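Presented below is the structure to which this report refers.
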Amino acid sequence: GQLTDRQALVQAFDGVQIVLSALGPSVKKGPFHPTNTPLANAYLSIIDIMHQKDIKRLICLGTASIKDPADTFSLAFSILVNGVAIGARSAYNDMVAIGENVRTHGGDLEWTIVRVPLLTNQESEDVIAGYVGDGRTNTWLSRAGYAAFVIDEIGKRNWVKKAPLICTK
C-alpha cells in the first residue's frame with residue numbers, strides 16, 4: 001500500500017501494540033525527493049491512527065538532521081548534515097519535519113526517534129547510543145546494528161521520549 005492510503009494504514013494497525021517504523025528518504029532519489037514532506041505527512045496519519053487505536057509506543061528512524069537538545073558541536077556531523085541540507089534539501093526538510101511531528105503531534109506517545117548516521121552493510125550488531133558531539137558517537141552504523149538496537153529498545157525502554165544517535169562500535 002501507499003503511505004497516503006489511510007484505510008490501509010488503519011487496517012495494518014489492527015492488533016498492534018508497538019509501531020516500529022524505518023521510514024526514511026530514499027538515498028537513490030537524493031536531490032529528487034518530493035518537496036511536500038511526504039514522510040512527515042505520513043507520520044501525522046500514523047500518529048493519528050495510533051491515538052485512535054490507543055497504541056502508545058512508537059520507535060522510528062531519524063537522522064542527525066533531527067536536532068536534539070543534548071547534541072553538541074561535531075565537525076564530522078556538521079559536514080554530514082550540512083551536506084545533506086545542501087545536496088538533498090527536500091529529504092533534509094522531510095526528516096526535520098518527521099522529528100517535529102513526532103515530538104509535537106505524538107508528544108503524548110512513548111516515542112523514541114532512533115537517529116542514524118551513514119548506513120553500512122556490515123554485520124555488526126554492536127552499537128553505541130548517545131548524542132551528536134558526545135565524543136563517543138561516530139558517523140557509521142550497520143543496518144544490522146539498527147535492527148538490533150530497535151528490537152532491544154522494545155523491551156528495555158531506555159530511550160522513551162528521547163532521540164539517541166546510534167553508531168557502530
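Numbers for residues simply follow the sequence, beginning at 1. Small disclaimer: the values here were computed from a predicted structure and weren't measured.
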Worksheet item: Any side-chain heavy-atom pair from Ile59 and Arg157 closer than 4.5 angstrom?
Response: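 Side-chain contact under 4.5 Å: no.
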Item to complete: Could you check if a side-chain atom of Leu58 sits within less than 4.5 angstrom of a side-chain atom of Leu20, using non-hydrogen atoms only?
Response: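 No - every pair of side-chain heavy atoms lies 4.5 Å or more apart.
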Starting at [atom1] of [X], measure out to [atom2] of [Y] and round the result to the nearest 0.5 Å.
{"X": "Leu165", "Y": "Ile128", "atom1": "CG", "atom2": "CD1", "answer": "10.0 Å"}
{"X": "Ser142", "Y": "Glu123", "atom1": "OG", "atom2": "CD", "answer": "9.0 Å"}
{"X": "Asn101", "Y": "Leu39", "atom1": "CG", "atom2": "CG", "answer": "11.0 Å"}

Discussion item. Before you tell me yes or no, could you show the steps for Asn41 and Leu44 under side-chain contact (heavy atoms from CB on, under 4.5 Å), namely the whole-Å CA-CA distance, both residues' side-chain angles and the distance that decides it to 0.1 Å?
Written reply: CA-CA 5 Å; Asn41 291 335; Leu44 291 176; 4.2 Å; yes
Worksheet item: Is it true that a side-chain atom of Thr137 and a backbone atom of Tyr131 form a donor plus acceptor pair closer than 3.5 Å?
Response: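 Checked: pair present.
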Discussion item. Please check: side-chain N/O of Asp126 versus main-chain N/O of Lys169, any donor-acceptor pairing under 3.5 Å?
Written reply: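 The answer is no, because no donor-acceptor pair under 3.5 Å joins these two groups.
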Practice prompt. Take Asp152 and Val150, measure what side-chain contact (heavy atoms from CB on, under 4.5 Å) needs, and give me the verdict at the end.
Written response: CA-CA 5 Å; Asp152 194 49; Val150 168; over 6 Å; no
Worksheet item: Does a donor on one side chain and an acceptor on the other come within less than 3.5 Å for His105 and Asp48?
Response: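 No, no side-chain donor-acceptor pair sits under 3.5 Å.
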Worksheet item: For residues Thr35 and Arg89, is any side-chain donor paired with an opposing acceptor at under 3.5 Å?
Response: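 There is no such pair between these side chains.
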Discussion item. Testing Phe13, Trp111, Tyr43 one by one against Met50 for a side chain to side chain contact (heavy atoms under 4.5 Å, CB included), which residue passes?
Written reply: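 Of the listed options, the one satisfying the test is Phe13.
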Worksheet item: Knowing that exactly one of Asn82, Val84, Thr63 qualifies, which makes a side chain to side chain contact (heavy atoms under 4.5 Å, CB included) with Tyr92?
Response: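 With Tyr92 as partner, side chain to side chain contact (heavy atoms under 4.5 Å, CB included) holds for just one option, Val84.
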